Number of protein chains: 2
Amino acid sequence: MNEIQSELVAVLIAVQDEVPLVLTLDQGRNLPSGPLETRHRSLQRGMRLWVEQQTQCRLGHIEQLYTFAETAGLETGVQDHPRLIRISYMGLTRLEEAQQGWRGLYEYFPWENRREHGADPLLSEIARALTVWAKGDAARLWRCAETFGLDGQPWSDELVLHRYELLWEAGLLPESQQPGSWLAPGRSMPSDRRRILATALARLRAKIRYRPVVFELMPETFTLWQLQRTVEAIAGSPLHKQNFRRLILAQDLVEETGKAEMQAQGRPARLYRFKGTVIGTRHLMGSKLPIARSV
Amino acid sequence: MNEIQSELVAVLIAVQDEVPLVLTLDQGRNLPSGPLETRHRSLQRGMRLWVEQQTQCRLGHIEQLYTFAETAGLETGVQDHPRLIRISYMGLTRLEEAQQGWRGLYEYFPWENRREHGADPLLSEIARALTVWAKGDAARLWRCAETFGLDGQPWSDELVLHRYELLWEAGLLPESQQPGSWLAPGRSMPSDRRRILATALARLRAKIRYRPVVFELMPETFTLWQLQRTVEAIAGSPLHKQNFRRLILAQDLVEETGKAEMQAQGRPARLYRFKGTVIGTRHLMGSKLPIARSV
DNA sequence: CCCTATTATGCTCAATGAGAGTATAAATGA
DNA sequence: TCATTTATACTCTCATTGAGCATAATAGGG
C-alpha cells in the first residue's frame with residue numbers, strides 16, 4: 001500500500017594508532033550509503049557483501065543500529081507519508097594502512113574523548129552554554145547534569161546519543177534547527193547522519209563491555225597494552241593498567257603466542273592472540289572490561 | 001530507485017498475575033501490524049499513536065527492535081529485491097483487566113520459563129533432540145551447550161533469540177524449514193513473527209537489568225513482593241527475596257506511600273510508588289536488579 | 001488469650017570482585 | 001654499572017553480592 005524508498009547506511013569503524021576512525025564520504029560530511037538491492041537472505045548479509053565490495057575491508061562484527069523514516073514534506077512543511085527509510089548498520093574492521101576517507105571519530109564528538117584532558121575546558125564551555133539554554137528550568141538543568149556529568153553527577157560513557165541530542169536541541173550544533181551564537185566545536189554533518197554516528201558509538205561502547213568485539217578491531221597478534229589502548233580509544237577514558245591485565249587474563253579470552261614485541265624502550269611485551277576466532281561461538285562469548293560504569 | 005512496501009509490527013507486553021502477556025491476533029498466530037502511514041515526526045511517535053488508537057492501551061516504554069526485509073521470491077525460489085520491510089517495535093503497558101487477544105508469552109517459549117521447574121524435563125528433552133541434530137559435531141555441540149546451558153554451562157536468560165534460532169535451525173519447531181519428527185512444545189507462529197517475539201523478550205530481559213522499565217508494567221502502587229514477581233516473570237527465574245528488597249531500596253527508585261496492602265495471610269506489606277515518574281528523566285535513570293547473569 | 005502458620009522486613013556473615021597502590025622483571029642506552 | 005622505561009606480578013582494602021537466620025506483624029484455631 002505504501003510505496004517508499006529505502007537505503008542502507010553504514011558506519012564502519014576501525015582503530016588505528018589508538019585513534020578510532022570512521023569511513024566517510026563527501027569531505028567527511030556524509031556516511032556511505034546505498035540501495036538495499038540485495039539478492040541475499042537477510043539485510044545483514046546484503047550489507048556485508050555490499051560493504052566488502054565497495055571498500056576493500058573485511059567486516060568483522062556487524063550490527064543493525066536503527067531505522068529512520070524521512071518524510072518528504074520536511075522542507076515544504078506539509079507533513080506527509082514517509083518517503084525514505086534509512087536502515088543503519090555498524091561494522092567493525094581492521095585497517096592495515098592509512099586509507100582515503102577515514103576520519104577520526106572524535107573529530108565529530110570532541111567532548112566524548114576524555115582520555116587526556118584533566119579539567120577539560122571544553123566541557124566547562126558546553127556546561128556554560130547549556131546552563132544558558134536551560135534558563136533556570138529545573139528539569140532541563142537536571143537533564144544537562146545527568147547527561148554531561150555536571151554538578152557532581154557521574155560521566156556515563158554510554159550516553160553518547162543523549163549528549164548529541166541534547167546539544168542539538170540546545171542549538172549548540174551547526175545542524176541544529178535554530179543554531180545559537182555559541183557552537184560546540186567538532187566536525188559537523190547533516191543532523192540525521194551525525195545522529196547515526198552517535199548511535200554507533202553509543203552501541204559500540206555498550207557492547208564492548210560484555211562481548212569480545214574489541215578483537216575485531218585488533219590485528220592478529222597484539223600486546224595487552226595495545227589491547228588496552230584500543231579499548232580506551234573506544235571507551236574514551238583511561239583505564240587502570242594492572243587491573244585491565246588481570247581481568248583480561250582471568251577470562252581466558254586470549255592466549256600467548258610465545259613471541260614478544262620489541263619496542264624502542266622498556267621490557268618487551270608478550271604477544272597474545274584472541275582465542276575466540278578458533279571457537280565458532282564468538283557471538284555467544286562473554287567478556288568483561290574494567291570500564292567504570294561511571295567515574 | 002527501489003520502491004518497496006513497509007510495515008510496522010508491534011510486540012505489546014504486559015504482566016498480569018505474574019504472567020507476562022503479549023497482544024496477538026488471528027488466534028494467537030500473528031502480531032499486530034499496520035502500515036507506517038505516519039504524519040508524525042518519527043517512526044516511534046507514529047507507532048505510539050497508532051497502537052494507542054488501535055488498542056486502548058497507554059504505552060509506557062517503547063523501543064525499536066529490528067528491521068527485516070522479506071524478499072518476494074521466497075516462495076518461487078527466485079531471489080529478488082526485497083519487497084517488504086518490517087520494522088518491529090516493543091511496547092510496555094499496564095493491563096487493568098483481562099482483555100481479548102492477550103496470550104501468555106511463555107506459551108510461545110515454554111523453555112524460557114524457569115521459575116518453578118526443578119530438574120526441568122522439558123530442557124532434557126530439548127537437549128536430547130539437539131544432541132541428535134548435532135550428530136557429534138563438536139562446534140554444534142558446543143553451541144547447544146552454550147545456548148541452552150547444558151553440560152555445566154550456565155543458563156543465560158538473555159539468549160532468548162539464540163535459543164529460538166537454534167531450535168529453528170535444528171528443525172525442532174513447526175515453522176522450521178525441515179521440521180523433524182520431535183517438535184518442541186509451545187504455541188507456534190510463522191517463523192518471522194515468533195522470531196520478533198523472541199527478539200522482544202531478549203531485549204526486555206536485557207533492558208530490565210539496568211533501566212527502570214519494570215515500573216512501566218506495574219500499577220501505580222505496589223508491594224516489593226509484587227515488583228519482584230513481575231521481574232521474575234520477565235526474567236523467567238526466581239530471585240532471592242531479601243536481596244531483591246535490599247537492592248531496590250538502596251537505589252532510591254521507590255518511595256513509601258504510607259499505606260499497606262492486606263492479603264489473606266501474613267504480615268501486611270507496605271505499598272510503594274515509583275519515584276521516576278515525577279522526575280522527567282526516566283530514560284536516563286539507572287537501575288540494578290539482582291538477576292544473576294548466569295546460574 | 002496463647003500458639004501456630006504465614007508473610008514481610010531487618011540483619012549478619014562470608015565470598016567475591018573491583019579499585020588502587022607497591023614491588024619486581026626485563027629490556028635500552030649512557 | 002646504573003638510570004630509565006615499560007611489562008608483569010602481587011597485595012590490600014572496600015564495596016557488592018549471595019545466602020541464611022532472626023524478628024515483626026497479621027490471621028485463625030484451640
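In the text below, chain A, chain B and the rest are named by the order of the sequence lines, each starting its count at 1. These numbers were taken from a predicted model, which means no experiment stands behind them.
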Value in whole Å for how far the [atom2] atom of [N] lies from [atom1] of [X]:
X: B/Leu239; N: D/dT17; atom1: CG; atom2: P; answer: 13 Å
X: A/Arg270; N: C/dA27; atom1: CZ; atom2: P; answer: 11 Å
X: A/Gln265; N: C/dA26; atom1: CD; atom2: P; answer: 18 Å
X: A/Leu249; N: C/dA18; atom1: CG; atom2: P; answer: 14 Å
X: A/Arg267; N: D/dA3; atom1: CZ; atom2: C1'; answer: 18 Å
X: B/Leu227; N: C/dT9; atom1: CG; atom2: C1'; answer: 16 Å
X: A/His240; N: D/dC10; atom1: NE2; atom2: P; answer: 16 Å
X: B/Glu261; N: C/dT9; atom1: CD; atom2: P; answer: 11 Å

### All pairs passing salt bridge (charged side-chain N to carboxylate O under 4.0 Å, His left out) where residues 223-232 of chain A contributes a residue, at least two apart
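Applying salt bridge (charged side-chain N to carboxylate O under 4.0 Å, His left out) to every pair that reaches into residues 223-232 of chain A, excluding sequence neighbours, yields A/Glu18-A/Arg229, A/Arg229-A/Glu232.
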### Task
Assign B/Leu224 to base, sugar-phosphate, or nothing according to its heavy-atom contacts below 4.0 angstrom with the strands shown.
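No contact.
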### Task
Quick one: label B/Arg246 by what it contacts on the DNA or RNA (base, sugar-phosphate, nothing), any heavy atom closer than 4.0 Å.
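Base: the residue B/Arg246, judged by heavy atoms under 4.0 Å, touches a nucleobase.
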### Task
Quick one: sort the A/Tyr164 and A/Phe109 rings into parallel, tilted or perpendicular, breaks at 30° and 60°.
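Judged by the thresholds at 30° and 60°, the geometry between A/Tyr164 and A/Phe109 is perpendicular.
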### Query
Relative to the 5' end of DNA chain D, which residue comes earlier, A/Gly266 or A/Arg245, by the nucleotide with the nearest heavy atom?
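Looking at DNA chain D, the more 5' nearest nucleotide goes with A/Gly266.
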### Query
So does A/Arg270 pair up with A/Glu261, basic N to acidic O under 4.0 Å?
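No, this pair does not count.
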### Message
If we count only N and O atoms by modelled type, under 3.5 Å, do the side chains of A/Asn113 and A/Arg115 hold a donor and an acceptor together?
### Response
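Distance-only check passes for A/Asn113 and A/Arg115.
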### Phosphate-side-chain proximity, A/Lys241 and D/dA7, N/O vs OP1/OP2 below 4.0 Å
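For D/dA7, OP1 or OP2 has a side-chain N or O of A/Lys241 closer than 4.0 Å.
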### No-H, no-angle donor-acceptor pair, A/Gln242 side chain to C/dT22 base, under 3.5 Å
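Such a pair is found, so the answer is yes.
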